[in-house]
Asker: 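Pasting a structure below so you can have a look.
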Amino acid sequence: MNWLYSQWWKWMCAVLLLYVLIGSYMVPLSPGVSKVEPLSFIPDSVYTFHLSCYHTHFKNPGAGKIQFWFKAGNEYFMAKELNVLSNDKIDVKFGVGAKQQDSLKTNNFDLVGNDDIDGTFSLREGVTLIKAEKMDSGSTILATTGPVEVVHNKHQFLAFPYREILYESIRNTFFHVPMWFVMTALVTFSLIFSVMYLNKGEIRYDIYSHQAIVVALVFGICGLATGMVWARNTWGHYWVNDPKLNGAAVGVMIYAAYLVLRGSIDDEIKRARIAAAYNIFSIVIFALFIYIIPRLTDSLHPGNGGNPAFSKYDLDSSLRMFFYPACIGWILLGFWIFSVLARMQLIKQKQEL
């Protein structure tokens, strides 16, 4: 355990977390479409759609040519007319002819925009075409037909991906997710020391195992708290009946029960043995409720129950620039706290002898 006294990994922890904290607050979100009105339209009419965008630069001279398309399946239809109102508001005119409605593979249209500064941004299934059964003026064609040249390019600045529902709360990725990685690392660490205690009977291994669980619980509670705040902003409630959330709560309670068990036994040797045995079984239940069951059932939580994780959508890898350092930094912080508590308990034990 000499590594506990080393300084380099503690400096590394501090630098990584400082980098993550600065990046999480300073890096903006990439451009996107946040609101569109109206949400539906019918054939053979030209509609003016009012778009409210996020972090766009329509009025900036460097934006160049601003373009918008309405995408149905794999088909792109160019907007007829654009009217820029401000940096983040624009009116777009578009319509679909009666003859075109039958050839469309879907009624839902994605809104795709592009300019030189903001690059390509979109709103999935932003508007819906309400198809008419019979149209008297079936010859009117209001949208561009045939091949349409679509421009795709990247925005000119470092930015986190803009995701509907998540919006700015996507920054919580650097805080919520690593909490569970830290807890998993520490309970695994604790398991190793529990096995070592049962094999060698040295009380210092019980101290290491105990303190690792204490720190793991702190990070587990932080994981629950950050998750509840995130759920409130995305799902509308602090807690929903979801297997991932319920499993996380069970995982934390399992190790809270570990501390209760230790506190109920006075004999030091007996306490250490029973706690070590309990710890071995606890990690199996923890892994079952945190990592296995949520993946086998339907879940709102990303990465579980068929719900894709963020990596599928983070195509520009901007999140990864801060997410991986965040995971490493928070894990090192967990072990840093563990090292301090373990050394304090060892000193206390020596004083009592």
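Computed from a prediction, not measured in an experiment: that's the story for all the values here. For this chain, numbers begin at 1 and follow the sequence in order.
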Asker: State, with a plain yes or no, whether a side-chain heavy atom of P38 is found less than 4.5 Å away from one of V127.
Answerer: no
Asker: Side-chain contact, heavy-atom cut-off 4.5 Å: M321 with L158?
Answerer: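 Yes, close enough: below the 4.5 Å cut-off.
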Asker: Apply side chain to side chain contact (heavy atoms under 4.5 Å, CB included) to M196 and Y208, showing your working.
Answerer: CA-CA 10 Å; M196 292 178 69; Y208 291 148; over 6 Å; no
Asker: Is a side-chain N or O of W230 found less than 3.5 angstrom from the main chain of T173, in a donor-acceptor match?
Answerer: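 A pair under 3.5 Å: no.
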Asker: Specify the closest pair of heavy atoms between M78 and W69, including all atoms of both residues, with the distance to one decimal.
Answerer: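 Taking M78 first and W69 second, the nearest heavy atoms are CE-NE1, 3.3 Å.
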Asker: Got a second to check how far L51's CG is from E37's CD, nearest 0.5 Å?
Answerer: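 So the CG of L51 and the CD of E37 are separated by 10.0 Å.
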Asker: Should F94 and F68 count as side-chain neighbours, where that means a heavy-atom distance under 4.5 Å?
Answerer: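 With C-beta onward as the side chain, the pair stays apart.
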Asker: CG/N241 to CG/N246 distance, rounded to the nearest 0.5 angstrom?
Answerer: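 That separation rounds to 5.0 Å.
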Asker: Would you check if L341 and V215 make a side-chain contact, meaning some heavy-atom pair closer than 4.5 Å?
Answerer: yes
Asker: Can you confirm whether W11 is buried at CH2, in the sense that more than 12 heavy atoms of other residues, nucleotides or ligands lie under 6.0 Å from that atom?
Answerer: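 Atom CH2 in W11 is not packed in, count stays at 12 or less.
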Asker: Are the aromatic rings of Y167 and Y54 close, with centres under 6.0 Å apart?
Answerer: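 Ring-ring flag for Y167/Y54: false, centres at least 6.0 Å apart.
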Asker: Please determine if D267 and R273 form a salt bridge, counting it only when a charged side-chain N lies under 4.0 Å from a carboxylate O.
Answerer: no
Asker: If you look at every heavy atom in L29 and P161, which pair is closest and at what distance?
Answerer: CG-O, 4.2 Å
Asker: Calculate, to the nearest 0.5 Å, the distance between atoms OG and CG belonging to S194 and N279 respectively.
Answerer: 3.5 Å
Asker: Measuring centre to centre across the rings, with the benzene-like ring taken for any Trp, is F41 within less than 6.0 Å of F49?
Answerer: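 That pair passes the under 6.0 Å test.
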Asker: Using side-chain heavy atoms (C-beta onward) and a distance below 4.5 Å, is I328 in contact with M12?
Answerer: yes
Asker: Are the side chain of H176 and the backbone of T226 linked by a donor-acceptor contact shorter than 3.5 Å?
Answerer: no
Asker: Using distance alone, with no hydrogens and no angle criterion, decide if N60 and N87 have a side-chain donor and acceptor under 3.5 Å apart.
Answerer: no
Asker: Linking I/L/V/M/F/W/Y whenever their side-chain heavy atoms sit closer than 4.5 Å, directly or via other members, would V214 and I254 fall into one cluster?
Answerer: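 Same hydrophobic cluster.
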Asker: Any idea how F58 and F121 line up, ring-wise: parallel (<30°), tilted (30 to 60°), or perpendicular (>60°)?
Answerer: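 Because their plane-to-plane angle lies in the 30° to 60° range, the rings of F58 and F121 count as tilted.
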Asker: What residues join F281 in its hydrophobic cluster, counting side-chain heavy atom gaps under 4.5 Å, either direct or through other members?
Answerer: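 Grouped by the 4.5 Å side-chain rule, F281 forms a cluster of one, so the answer is none.
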Asker: For S30 and F160, indicate whether the former's side chain and the latter's backbone hold a donor-acceptor pair under 3.5 Å.
Answerer: yes
Asker: Out of K348, Q349, R343, E202, which residue meets the side chain to side chain contact (heavy atoms under 4.5 Å, CB included) rule with I207?
Answerer: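 It is Q349; the other options fail the test.
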Asker: Considering non-hydrogen atoms only, spot the tightest contact between A63 and I117 and give its length.
Answerer: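 Closest approach of A63 to I117, heavy atoms only: N-CD1, 3.5 Å.
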Asker: Evaluate the criterion side chain to side chain contact (heavy atoms under 4.5 Å, CB included) for residue pair S339 and W9; output intermediate values, then yes/no.
Answerer: CA-CA 12 Å; S339 70; W9 61 274; 4.3 Å; yes
Asker: Apply the salt bridge (charged side-chain N to carboxylate O under 4.0 Å, His left out) test between D206 and each candidate in R262, K200, K270; give the one that qualifies.
Answerer: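 Testing each of R262, K200, K270 against D206, the sole residue satisfying salt bridge (charged side-chain N to carboxylate O under 4.0 Å, His left out) is R262.
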Asker: What's the shortest heavy-atom distance between T297 and P243, and which atoms?
Answerer: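 Smallest heavy-atom distance, with atoms named: OG1-CG, 3.3 Å.
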Asker: Run the numbers on V252 and L217 for side chain to side chain contact (heavy atoms under 4.5 Å, CB included), then give the verdict.
Answerer: CA-CA 6 Å; V252 170; L217 267 176; 3.8 Å; yes
Asker: According to a 4.5 Å side-chain heavy-atom criterion applied to Ile, Leu, Val, Met, Phe, Trp and Tyr, with indirect links allowed, do V284 and L296 form part of one hydrophobic cluster?
Answerer: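 They do share one cluster, since a chain of ILVMFWY contacts under 4.5 Å joins V284 to L296.
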Asker: Report yes or no: do F175 and I22 belong to one cluster of Ile/Leu/Val/Met/Phe/Trp/Tyr joined by side chain heavy-atom distances under 4.5 Å?
Answerer: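 No, F175 does not connect to I22 through the hydrophobic network.
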Asker: Would a hydrophobic clustering, with Ile, Leu, Val, Met, Phe, Trp and Tyr connected at side-chain separations under 4.5 Å, put L21 with I337?
Answerer: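 Same cluster: L21 reaches I337 through Ile, Leu, Val, Met, Phe, Trp or Tyr contacts under 4.5 Å.
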Asker: Around I165, counting heavy atoms of other residues, nucleotides and ligands shown, do more than 12 lie under 6.0 Å from its CD1?
Answerer: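 It does not: I165 CD1 has 12 such atoms or fewer within range.
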Asker: First locate atom CZ of R163, then atom CG of L319, and finally report the distance between them rounded to the nearest 0.5 Å.
Answerer: 8.5 Å
Asker: S52 and K89: side-chain donor and acceptor closer than 3.5 Å?
Answerer: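 Yes - a donor-acceptor pair under 3.5 Å links their side chains.
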Asker: Surrounding CG of N74 (heavy atoms of other residues, nucleotides or ligands, distance under 6.0 Å), is the total greater than 12?
Answerer: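 At most 12 heavy atoms, drawn from other residues, nucleotides or ligands, come within 6.0 Å of this atom.
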Asker: Ignoring hydrogens and geometry, is there a side-chain-to-backbone donor-acceptor pair from S318 to A159 under 3.5 Å?
Answerer: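 Present.
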Asker: Tell me if the aromatic rings of Y19 and F322 count as close, with their centers under 6.0 Å from one another.
Answerer: yes
Asker: Kindly compute the distance separating CD1 (I90) from CG (L82), expressed to the nearest 0.5 Å.
Answerer: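 Reported to 0.5 Å precision, the distance equals 4.5 Å.
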Asker: Would you say the side chain of L259 lies within less than 4.5 Å of the side chain of H210, judging by non-hydrogen atoms?
Answerer: yes
Asker: Examine the side chains of T56 and D88 and answer whether a donor and an acceptor come within less than 3.5 Å of each other.
Answerer: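 The answer is no; no qualifying pair exists.
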Asker: Is any side-chain heavy atom of T234 closer than 4.5 Å to a side-chain heavy atom of L166?
Answerer: yes
Asker: Nearest 0.5 Å, what's the OG1-CD distance between T106 and E75?
Answerer: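 With rounding to 0.5 Å, OG1 (T106) is 10.5 Å from CD (E75).
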Asker: What pair of heavy atoms forms the shortest contact from F286 to G251, and how long is it?
Answerer: CD1-CA, 3.8 Å
Asker: State, to 0.1 Å, how close G32 and Y162 come at their nearest heavy-atom pair, and which atoms those are.
Answerer: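 G32 and Y162 have their closest heavy atoms at CA-CD2, 3.6 Å.
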Asker: Could you check W239 against L224 for side chain to side chain contact (heavy atoms under 4.5 Å, CB included), going step by step and ending with a plain yes or no?
Answerer: CA-CA 10 Å; W239 198 274; L224 287 177; 4.0 Å; yes
Asker: Can you find a heavy atom in the side chain of R204 that is under 4.5 Å from one in the side chain of L346?
Answerer: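 With C-beta onward as the side chain, the pair touches.
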Asker: Are V218 and W330 grouped together when hydrophobic residues (ILVMFWY) are joined by side-chain heavy atoms under 4.5 angstrom apart?
Answerer: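 V218 and W330: separate clusters.
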Asker: Taking the six-membered ring for Trp and the full ring for Phe, Tyr or His, determine whether the centres of F70 and Y76 are under 6.0 Å apart.
Answerer: no
Asker: Is it the case that T184 and Y291 place a side-chain donor and acceptor less than 3.5 Å from each other?
Answerer: yes
Asker: Using the ring pair (Phe, Tyr, Trp, His ring centres under 6.0 Å) rule, take F338 and F189 through it: C-alpha gap first, then chi angles, then the decisive distance, then the call.
Answerer: CA-CA 11 Å; F338 157 77; F189 200 57; 5.3 Å; yes
Asker: Keeping the roles fixed (side chain from D110, backbone from E125), state whether a donor-acceptor pair exists under 3.5 Å.
Answerer: yes
